[in-house]
Amino acid sequence: MTFSEGFLSVLIYGSLIWCGVSALGLAAMLIRDGKSGEIW
Amino acid sequence: MAEDKVFLDPTVGWILLALFSVLWIGLGVYWGRRNKSFEDHALAGRNVGLALGTATAAATWITSNTTMLAPQFALQLGIWGMLAYSTAAFGLILFAPMAKRIRQLMPHGYTSGDFFRLRYGRVAWAIFLVFTLFYSLTWLVSMAMAGGILLEALAGIDYAWGMSVILAVCVIYTMRGGLAAVIGTDFIQSLIIIVGICVTGFAVLQNVSVSEIHANLTATKPALLDVLFPAAIMAIFNNLLFGLGEVFHNNVWWSRAFAFREGVASRAFLMGGLVWLPIPVAAGFIALASGALGVAVPSADMVGPLVIAEVLGGVGAVAIFIVVFCSLASSIDSLLAATSDLVTEDIWRRLLHPSSSADNLKRTAQWVTLGLGVLTWLVCLPRIGTLATVLFFAGPLVGSMIWPIVTGLYWRSANTVGAIGAMVLGAGVGLYFYFAIGFYVATLIATAVSMVWTLGACALAKGRFDWTRLKEAA
């Protein structure tokens with residue numbers, strides 16, 4: 001039994017998109033923290 | 001290592017190294033101006049917000065291993081190899097509720113050593129210090145060595161010079177800026193790493209489709225697609241437990257739990273783990289594409305850079321150089337800061353100079369950081385090739401500490417006999433099987449032995465721990 005092409009696609013594209021969303025999320029969080037004076 | 005072929009012109013490599021070195025040191029000096037006391041220096045004033053907290057949890061866990069070893073895992077263990085590597089994220093995710101508990105139980109705490117001393121007494125504390133210092137120094141040495149080796153392989157920068165520069169840069173900004181500099185630079189480094197991996201991943205997919213990768217693997221290396229790949233499935237458990245043991249015990253993570261603002265620790269570790277989770281797959285799948293792209297791979301440990309440089313040329317080589325440099329710096333600085341705090345708080349303050357002033361402790365921590373840097377440099381300079389493998393040797397040590405920590409944080413029945421026995425027996429039996437069978441079972445066995453002993457000691461315990469004893473004044 002082997003992993004299918006569809007599974008591999010979801011895994012690869014899902015990971016890359018997840019990374020992109022994470023980077024945007026971190027930047028957005030920093031802006032939000034900055035606006036409320038809570039960076040540190 | 002493919003030392004005969006470099007991916008980047010050495011001059012470009014030196015220019016990148018110089019630019020990032022100036023940036024990190026400049027930021028370290030700038031952020032260090034805020035530090036007035038040991039608490040500021042070691043714990044960034046205990047006021048770190050969610051964005052920086054999340055980024056530092058993720059960035060510290062992204063070592064050069066994540067960006068270089070994940071492709072190697074994929075090449076050797078296939079899809080399960082990437083997924084096995086991703087399980088290390090559960091160390092951060094499961095630490096999230098513990099970080100909240102730590103912050104509640106120990107509002108004035110500094111290190112994980114403080115917890116062992118107050119919870120289990122001096123003997124357990126001493127064993128813990130031996131285990132954790134061995135692990136931390138080994139990790140530090142392996143990262144610095146990896147820095148020299150990778151800069152040489154990527155850009156032809158001489159090993160001694162590359163290792164010395166990256167170590168010196170991290171020592172300088174950690175000395176000057178303390179944890180604030182580490183956490184601040186971690187934010188920038190995490191963004192660079194994640195964006196770099198994301199962009200290079202999509203760029204590789206412009207040159208080869210997932211369909212072609214799958215077809216090539218089916219024809220040439222079907223085992224890499226096997227759902228029941230035994231070696232890879234074993235790697236999942238070992239990686240998972242090693243990750244749990246490392247995060248649960250090490251002061252790198254405890255110092256962050258103490259440094260995050262009230263209410264932030266739990267969410268920051270959870271989100272840091274989620275940020276980290278896809279990275280081994282995003283960085284690792286590139287290795288699976290090597291066959292479909294027709295890239296020859298003479299050495300598995302350089303498969304990631306080989307494929308990226310082959311497909312993306314000079315731009316790809318610059319990208320991988322920056323990502324690797326940031327991965328190294330984000331881990332080395334954290335290890336320097338956390339280990340120096342451990343030595344300063346647990347050995348200098350608690351054992352040698354209990355009446356040290358806040359200013360004296362801050363200066364001591366800075367000197368200890370410098371000392372750790374010099375020690376690491378001296379160990380790394382001869383380039384003993386097998387030294388990095390000692391890190392695997394530490395697996396049973398960190399695995400044996402999982403249960404004393406978890407039960408010690410949540411169960412009043414957890415006790416000194418249980419903690420000492422769990423660490424000594426667990427590590428001892430684990431190390432025996434490390435040599436008798438192999439590294440891939442050692443952590444698992446150490447954790448199991450430690451669990452049985454700890455649970456037995458808890459069940460037989462008559463006394464109940466008073467949680468207020470953990471609220472020791474600073």
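Order of the sequence lines fixes the chain letters, A, B, ..., with proteins taken first and strands second; residue numbering starts at 1 for each chain.
Here A:Cys19 is the residue among A:Gly20, A:Gly25, A:Cys19 with the most heavy-atom pairs under 4.5 Å with chain B. Of the listed residues (B:Leu191, B:Leu52, B:Val199), the greatest number of heavy-atom pairs within a distance under 4.5 Å of chain A belongs to B:Leu52. No other option in B:Gly201, B:Ala55, B:Ser211 has as many heavy-atom pairs under 4.5 Å with chain A as B:Ser211. Contact tally against chain A (heavy-atom pairs below 4.5 Å) for B:Leu225, B:Ile183, B:Val281: the top residue is B:Leu225. Ranked by non-hydrogen atom pairs under 4.5 Å with chain A, the options B:Leu228, B:Ile193, B:Leu205, B:Val264 are led by B:Leu205.
Rounding to the nearest 0.5 Å places OG of A:Ser15 at 8.0 Å from CG of B:Leu277. Between atom CD1 of residue B:Ile188 and atom CG of residue A:Leu30 there is a gap of 9.5 Å, rounded to the nearest 0.5 Å. Note that the CG atom of B:Leu50 and the CD1 atom of A:Ile39 stand 12.0 Å from one another [nearest 0.5 Å]. Here the OG-CD1 distance, from A:Ser22 to B:Ile279, works out to 7.0 Å after rounding to the nearest 0.5 Å. Taken to the nearest 0.5 Å, the CD atom of A:Glu5 stands 11.0 Å off from the CG atom of B:Leu217.
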For this session: Give the intermediate values and the outcome of side chain to side chain contact (heavy atoms under 4.5 Å, CB included) for residues A:Leu8 and B:Phe285.
Result: CA-CA 9 Å; A:Leu8 190 59; B:Phe285 90 89; over 6 Å; no
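The minimum heavy-atom distance between A:Leu11 and B:Met82, with the atom names listed, is CD2-CE, 4.0 Å. Across all their heavy atoms, B:Phe187 and A:Leu26 have their closest contact at CZ-O, 3.6 Å. Heavy atoms only, all atoms of each residue included: A:Met1 and B:Asp226 are closest at O-OD1, 3.1 Å. The two atoms that bring A:Trp18 and B:Leu274 nearest to each other are NE1-O, 3.2 Å, heavy atoms only. Contact record, A:Ala23 with B:Val195: CB-CG2, 3.9 Å, taken as the closest heavy-atom pair. Across every non-hydrogen atom of B:Ala282 and A:Leu16, the tightest pair is CB-CD2, 3.8 Å.
The aromatic rings of A:Trp40 and B:Trp31 lie perpendicular to each other, with more than 60° between the two planes, well past the 30° mark.
Taking a 6.0 Å sphere around CZ of B:Arg176, one finds it holds 12 or fewer heavy atoms contributed by other residues, nucleotides or ligands. For B:Lys362, the NZ atom counts as densely surrounded, since its 6.0 Å shell holds more than 12 non-hydrogen atoms of other residues, nucleotides or ligands.
Between the side chain of B:His214 and the backbone N or O of A:Phe3, at least one donor-acceptor pair lies under 3.5 Å. With hydrogens and angles disregarded, no donor-acceptor distance shorter than 3.5 Å links the side chain of A:Arg32 to the backbone of B:Ala51.
With a threshold of 4.5 angstrom between heavy atoms, A:Ser36 does not approach chain B through any atom at all. In this structure, the portion of B:Leu83 lying under 4.5 Å from any heavy atom of chain A is its side chain and not its backbone. Residue B:Ala215 does not touch chain A at all, counting heavy-atom pairs closer than 4.5 Å.
B:Thr218 has its side chain out of reach of A:Thr2: every pair of non-hydrogen atoms, C-beta onward, lies at least 4.5 Å apart. Counting heavy atoms from C-beta outward, B:Val210 and A:Phe7 have side chains that stay 4.5 Å or more apart.
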